[in-house]
Amino acid sequence: GESLPMGVMGAMVILYFRLDNLFIFKFCGAAALGLYAAASRIVEPLLMIPHSFSTTLYSLFSGRRDTCAGVKVGFRSVLRTMWPAYGFAVTAAIIAIGGGHYFLGYFFPEYLSAYPVLRLLAIVLLIRTGNVTLTAILCSFGRYSTLARISVATLVINVGLAVILIPRYGPWGAALAAILTESWNFLAQWRAAG
């Protein structure tokens with residue numbers, strides 16, 4: 001009963017994270033895909049820090065299932081566990097937005113035109129940090145079916161946004177689609193956790 005929804009959720013997340021590459025290549029070609037890939041490969045590893053802390057949060061709330069009513073959890077407990085991850089994500093986003101131009105220009109000048117995409121993906125990092133927090137909370141209370149439904153809806157929304165935005169705006173449209181998709185995901189999980 002728990003494994004199938006988790007498997008569906010995992011498959012949807014992997015598809016959502018990778019389909020943008022296929023759409024960029026299909027609608028815009030290899031050069032545009034290269035720019036998007038450069039920006040996303042800079043930002044994606046940064047998500048590992050918030051993800052690691054969310055695992056600790058999951059363990060904390062899983063062990064306290066008997067003392068918490070429903071999925072309502074203490075804001076203080078979340079903040080106490082996640083504050084280093086939040087600080088890291090905010091700092092990384094500020095550096096990427098403010099200094100990404102210099103970083104790309106110095107180390108990868110051929111990818112300097114990926115900077116507008118990098119700025120948007122830095123915002124995605126912030127939203128995804130909130131999403132991994134909410135996912136950990138919902139998982140700790142066994143809301144696997146809810147998460148699977150949210151993941152399916154997130155994938156459908158992302159595909160729709162990608163088809164609309166990527167042909168018109170290229171890699172920047174893919175990053176904008178990621179922001180809108182992650183925002184939807186955050187709101188859906190927030191509502192489910194409320």
Rounding to 0.5 Å, atoms OG (Ser77) and CE (Met82) come to a distance of 13.0 Å
For residues 107-134, the salt bridge (Lys or Arg N to Asp or Glu O under 4.0 Å) pairs (sequence neighbours left out) are Arg128-Glu182
Ring pair (Phe, Tyr, Trp, His ring centres under 6.0 Å) pairs touching residues 82-101, sequence neighbours excluded, are His101-Tyr115
- request: Answer yes or no: is there a donor N or O on one side and an acceptor on the other, between the side chain of Ser54 and the main chain of His51, under 3.5 Å?
  value: yes
To the nearest 0.5 Å, atom CD1 of Ile123 lies from atom CD1 of Ile179 at 4.5 Å
- Task: Could you label the plane-to-plane angle of the Tyr111 and Phe108 rings as parallel, tilted or perpendicular, counting under 30° as parallel and over 60° as perpendicular?
- Result: perpendicular
Closest non-hydrogen atoms of Gly105 and Leu112, given as atom of the first, atom of the second and distance, are N-CD1, 3.6 Å
Checklist entry - More than 12 foreign heavy atoms under 6.0 Å from CZ of Phe186: is that the case here? => result yes
Heavy atoms of Thr181 and Ala177 approach each other most closely as OG1-O, 2.7 Å
The reported gap from CD1 in Ile24 to CG in Leu35 (rounded to nearest 0.5 angstrom) is 9.5 Å
Closest non-hydrogen atoms of Leu46 and Ala92, given as atom of the first, atom of the second and distance, are CD1-CB, 3.8 Å
So CG of Leu134 and CZ of Arg143: to nearest 0.5 Å the spacing works out to 12.0 Å
Between Ala122 and Ala96, the two heavy atoms sitting closest are CB-CB, 3.8 Å
What side-chain donor-acceptor pairs closer than 3.5 Å can you find for residues 160-176, not counting sequence neighbours?
none

In short, Ser113 meets Pro116 closest at the heavy-atom pair O-CD, 3.4 Å
Arg41 meets the salt bridge (Lys or Arg N to Asp or Glu O under 4.0 Å) criterion, sequence neighbours left out, with Glu44
### Hydrophobic cluster membership, Trp190 vs Ile150, 4.5 Å side-chain cutoff
no
In this structure, OG1 of Thr135 is separated from CG of Asn185 (nearest 0.5 Å) by 6.0 Å
Note: Thr146 and Ala192 closest approach over all heavy atoms is CG2-CB, 3.7 Å
Review point. Just wondering, do Val78 and Thr133 contact through their side chains at under 4.5 Å, heavy atoms?
Key: yes
Side-chain touch Ile42/Leu118, heavy atoms, less than 4.5 angstrom: yes
Please determine whether residues Ile95 and Phe103 belong to a single hydrophobic cluster, defined as Ile, Leu, Val, Met, Phe, Trp and Tyr linked transitively by side-chain heavy-atom distances below 4.5 Å. no
Here the gap from Leu155 atom CG to Leu19 atom CG, rounded to the nearest 0.5 Å, amounts to 6.0 Å
Are any of the side-chain heavy atoms of Tyr36 and Leu121 separated by less than 4.5 Å? yes
Those residues at least two apart in sequence (or on a different chain) that pass salt bridge (Lys or Arg N to Asp or Glu O under 4.0 Å) with Arg76 are none
Cluster question for you: counting only ILVMFWY and a side-chain heavy-atom cut-off of under 4.5 Å, with indirect links fine, are Met48 and Ile127 together? no
- Can we call the ring centroids of Tyr106 and Tyr102 under 6.0 Å apart? no
Members sharing Leu126's hydrophobic cluster, built from side-chain contacts under 4.5 Å between Ile, Leu, Val, Met, Phe, Trp and Tyr, are Val90, Ile94
